[in-house]
Amino acid sequence: MIVRASQLFLPTLRDDPADAEAASHKLLVRGGYVRQVSAGLWTYLPLGWRVHQKVVQIIREEMDAIGDQEMFAPVLTPAELWETSGRYDIPEVFKLEDRSGRRFVLPLSHEEAFTFHARELQSYKQLPQAWYHFQTKDRDEPRPKAGLLRVREFVMKDAYSFDRDEAGLDESFQKHGEAYARIFERCGLVFQRVQAESGLMGGSESEDFLAPAAAGENMLVTCENGDYAADMDVAQGVPRAPEFPPSLDAPEEIETPGANTIEKLAELLGIDDAATSKAMPVVKPDGVLVLALVRGDDRLSEDKMLSALGTDFRPATDDEIRAAFGASGGSLGPVGFKGEVVADEMLRTGQFVAGANRDGWHLRGVEAGRDYEARFADIRATKEDDACPVCGGKLRVHTAIELGHIFKLGTRYSVPLDATFLDEDGSEKPLVMGSYGIGPGRVIAAIVEQHHDANGIVWPAEVAPYDVHVVALQGAEEIALQAAEAYSADGLAVLLDDRVARPGEKFADADLIGAPIRITAGKKSLEDGKVDVRNRASGEETRLAVSELGKKA
RNA sequence: CGGGACGUAGCUCAGCCUGGUAGAGCGCCGCCUUUGGGAGGCGGAAGUCGCAGGUUCGAAUCCUGUCGUCCCGACCA
């Protein structure tokens with residue numbers, strides 16, 4: 001196939017768009033791949049849609065390879081299904097009505113619709129089943145960002161598996177995880193498969209596929225030795241051991257004027273900040289105040305705290321703090337606090353400096369169990385330079401893009417939507433479900449984040465919009481066309497730049513667009529019948545006769 | 001939803017502080033010249049300065065409101 005640039009809607013831009021910061025955002029807009037319609041709403045222009053279709057095709061092939069069946073469910077979904085599943089009141093759900101007032105939602109994923117169809121599964125003999133589709137998802141995101149990375153409407157490949165039991169689900173889950181790894185490998189991505197936070201809506205277990213990238217929204221923790229990777233929200237790094245001062249038989253009050261941060265406190269007392277504790281009062285939805293306690297050099301992980309409490313929470317207000325402790329933030333501690341204390345595991349042993357619940361005073365020698373009672377849980381956030389829980393190596397933290405997420409849903413949807421089957425023993429059981437999602441648009445953004453240079457995009461071969469970009473310089477149009485035809489005859493997609501433009505402009509656009517191979521036909525070609533073949537990624541260039549071109553070159 | 005920034009030509013921006021005939025570069029159209037890394041010349045088209053009020057003889061400029069976009073945070077099946 002040969003496409004002529006002179007006929008193509010390919011609006012490349014010389015300048016970065018003013019509102020872009022992420023590399024993928026800038027380059028996809030500049031390269032004429034996508035355009036923004038409104039916040040979080042994007043049109044794929046011809047080149048962008050070609051890349052999207054390539055990613056879709058890779059996903060389709062790998063899903064089909066594990067036996068998943070492609071189908072297609074509507075976007076518009078009756079509200080009742082969502083009320084039944086309990087997801088109708090999620091703030092991100094777009095809601096609308098038809099002319100007679102019947103209510104609908106625009107799904108943020110299709111669990112309800114697919115579970116609705118799974119009601120037609122009746123016997124264990126039909127199981128397992130796995131179905132998928134590529135369909136538009138709408139989400140009323142509070143803050144779309146970074147071009148294609150977080151949008152309000154996008155195509156998602158979402159798959160749903162239906163098994164008779166947990167063992168079957170484990171198998172389906174594993175199969176999909178392996179297919180996902182193959183998909184991202186074929187897309188040329190560097191990624192990590194990690195345990196993820198299941199979230200309030202999810203089931204029992206979930207895993208993320210994270211691609212390290214400068215513009216990511218997730219935090220990926222990896223070991224320098226490559227034997228540990230986890231999402232920051234659930235990572236269990238091992239912090240260094242504190243240098244404790246000599247132990248005391250009982251806590252001792254000490255005046256610490258102005259020391260309202262851990263930094264100032266450690267400096268004032270001349271101690272290791274890891275030998276202090278930090279108190280953070282939080283309030284549960286029922287109004288009960290709980291004291292979260294972590295080591296002075298640690299930060300509270302809100303996700304872990306959420307799991308430990310089993311409920312949402314918010315920071316306490318200054319008034320609430322004063323009422324409960326008789327002191328202000330900066331001098332708070334667990335000793336004497338009449339309420340629940342959730343302390344990080346790191347505070348289980350040792351004596352720490354803690355706030356005295358008296359402004360300007362602290363206690364040293366505070367020991368859990370002796371001086372206060374606490375429920376222990378892992379509530380500290382893992383941080384850079386923590387030790388790897390597997391090998392003790394150093395942990396590194398990177399920003400990363402969530403490429404895909406696979407969930408064990410269990411019976412989260414089959415029970416409320418009454419999707420059951422008859423098992424071998426004649427008993428009626430709910431289907432055991434998994435769900436598996438990939439956003440091709442986000443995959444594209446991640447590829448660009450990982451594959452670009454100062455001049456533009458450097459597409460991995462399997463997802464490039466065109467395999468070959470032929471630059472026809474003035475006078476060499478005929479030989480350029482021959483070169484294009486040589487590749488096209490081998491089944492490759494060719495972009496032929498036949499525009500009336502100067503060489504520099506064509507080269508710059510070719511670099512920006514990022515096809516793997518660039519062919520240049522110029523006046524030298526008229527003399528020797530050869531063209532320049534340039535590798536976009538390496539910059540290597542060779543001269544070949546037109547007769548030598550094609551897949552082999 | 002909290003904090004911040006920005007809305008002027010297709011794009012990137014200046015002008016606003018200190019009110020007085022709307023600007024530049026790139027792009028676009030025509031002609032000429034040039035042609036292996038975003039050339040040059042001449043001529044031309046193109047903006048109700050986001051929108052609505054207000055102040056003023058006069059508002060892109062000052063004030064108020066509102067909408068939009070981006071960034072940080074919260075949120076994120």
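Quick note on labels: first sequence line is chain A, next is B, and so on, each numbered from 1.
Shown here, B:G36 forms no base pair; nothing in the strands shown gives a Watson-Crick or G-U wobble contact with both key distances under 3.5 Å.
For A:W42, there are no side chain to side chain donor-acceptor pair (under 3.5 Å) partners two or more places apart in sequence or in a different chain.
The base of B:C76 lies close enough to the side chain of A:R150 for a donor and an acceptor atom to sit less than 3.5 Å apart. A donor-acceptor contact under 3.5 Å is not formed by the side chain of A:R518 with the base of B:G36.
With a 6.0 Å radius and a threshold of 12 heavy atoms from other residues, nucleotides or ligands, A:E540 has its CD atom at or below the threshold. At most 12 heavy atoms of other shown residues, nucleotides or ligands fall within 6.0 angstrom of atom CZ in A:F116. Counting heavy atoms of neighbouring residues, nucleotides and ligands inside a 6.0 Å radius, atom CD of A:E171 does not exceed 12 of them. The neighbour count for A:R103 CZ, taken as heavy atoms of other residues, nucleotides or ligands under 6.0 Å away, is above 12.
Within the 4.0 angstrom heavy-atom criterion, no nucleotide atom of any strand lies near A:E217. Residue contacts shown for A:R30 include a base, since a base heavy atom lies under 4.0 Å away. Backbone-only engagement by A:A146 is indicated by non-hydrogen atom pairs under 4.0 Å involving sugar-phosphate atoms exclusively. Note on A:A39: only backbone sugar-phosphate atoms sit closer than 4.0 angstrom, heavy atoms only; bases stay farther off.
In this structure, A:K145 reaches the B:C72 phosphate: one of its side-chain N or O atoms is under 4.0 Å from OP1 or OP2. Checking the phosphate oxygens (OP1, OP2) of B:G68, no side-chain nitrogen or oxygen of A:S38 falls inside 4.0 Å. For the pair A:K506 and B:G36, the criterion of a side-chain N or O lying under 4.0 Å from OP1 or OP2 is not met.
Remark on RNA chain B: of its neighbouring residues A:G522 and A:V37, the 5'-side contact belongs to A:G522, judged by nearest-heavy-atom nucleotide. RNA chain B is contacted by both A:P142 and A:A20; A:A20 maps to the nucleotide lying nearer its 5′ end (nearest heavy atom per residue).
Using a 4.0 Å cut-off between a side-chain N of Lys or Arg and a carboxylate O of Asp or Glu, A:D158 and A:K137 qualify as a salt bridge. Ion pairing between a basic and an acidic side chain is recognised when a charged N comes within 4.0 Å of a carboxylate O; A:D453 and A:R536 show such pairing. With respect to the salt-bridge test (charged N to carboxylate O, under 4.0 angstrom), the residues A:D509 and A:R499 qualify. Between A:D68 and A:K175, no side-chain nitrogen of the basic residue sits less than 4.0 Å from a carboxylate oxygen of the acidic one, so the salt-bridge criterion is not met. Salt bridge A:K278/A:D298: absent, no basic N to carboxylate O contact under 4.0 Å.
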Chi angles and distances behind the salt bridge (Lys or Arg N to Asp or Glu O under 4.0 Å) call for A:R518, A:D532: CA-CA 8 Å; A:R518 187 186 83 193; A:D532 293 305; over 6 Å; no
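The stretch residues 110-117 of chain A has no heavy atom under 4.0 angstrom from RNA chain B at all. Residues of residues 433-444 of chain A that place a heavy atom closer than 4.0 Å to RNA chain B do not occur.
Between the CD atom of A:E141 and the P atom of B:C1 there is a distance of 15 Å, given to the nearest Å. We find that CZ of A:F154 is positioned 15 Å from P of B:C76, with the value rounded to whole Å. Between A:L108 atom CG and B:C76 atom P the separation is 12 Å, expressed in whole Å. Across the protein-nucleic acid pair, A:E92 atom CD and B:A74 atom P stand 15 Å apart, rounded to whole Å. Nucleotide B:G36 holds its P atom 19 Å from the CD1 atom of A:I519, rounded to whole Å. In this structure, NZ of A:K524 is placed 15 Å from P of B:U35, rounded to the nearest angstrom. Distance A:L10 CG to B:G27 P: 16 Å, rounded to the nearest Å. Between A:E302 atom CD and B:C76 atom P the separation is 10 Å, expressed in whole Å.
In the set B:C75, B:G36, B:C72, the nucleotide with an atom closest to the side chain of A:R143 is B:C72. The side chain of A:D511 lies closest to B:G37, out of B:G36, B:U69, B:G37.
A:E21 approaches A:H25 most closely through the heavy-atom pair N-ND1, 4.2 Å. Here the closest heavy-atom approach between residue A:P212 and residue A:F191 is recorded as CD-CA, 4.2 Å. Between A:T84 and A:P416 the shortest heavy-atom distance is CG2-O, 3.2 Å.
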Below 3.5 Å between N/O atoms, which protein atoms pair up with nucleotides 49-52 of chain B? Just atom names and distances, please.
none

Could you write out each protein N or O paired with an N or O of nucleotides 7-15 of chain B at a distance under 3.5 Å?
from: B:U12; atom 1: OP1; to: A:A18; atom 2: N; distance (Å): 2.9
from: B:U12; atom 1: O4'; to: A:D15; atom 2: OD2; distance (Å): 3.4

Distances under 3.5 Å between protein N/O atoms and the N/O atoms of nucleotides 32-34 of chain B, please, pair by pair.
from: B:U34; atom 1: O2; to: A:R502; atom 2: NH1; distance (Å): 2.5

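Between A:F184 and A:F209, the ring-plane angle classifies as tilted under the 30° and 60° cut-offs.
Counted by atom type alone, A:W131 and A:Q129 present one or more donor-acceptor pairs between their side chains at under 3.5 Å. A:H405 and A:S206 share a donor-acceptor pair across their side chains, judged by distance under 3.5 Å alone.
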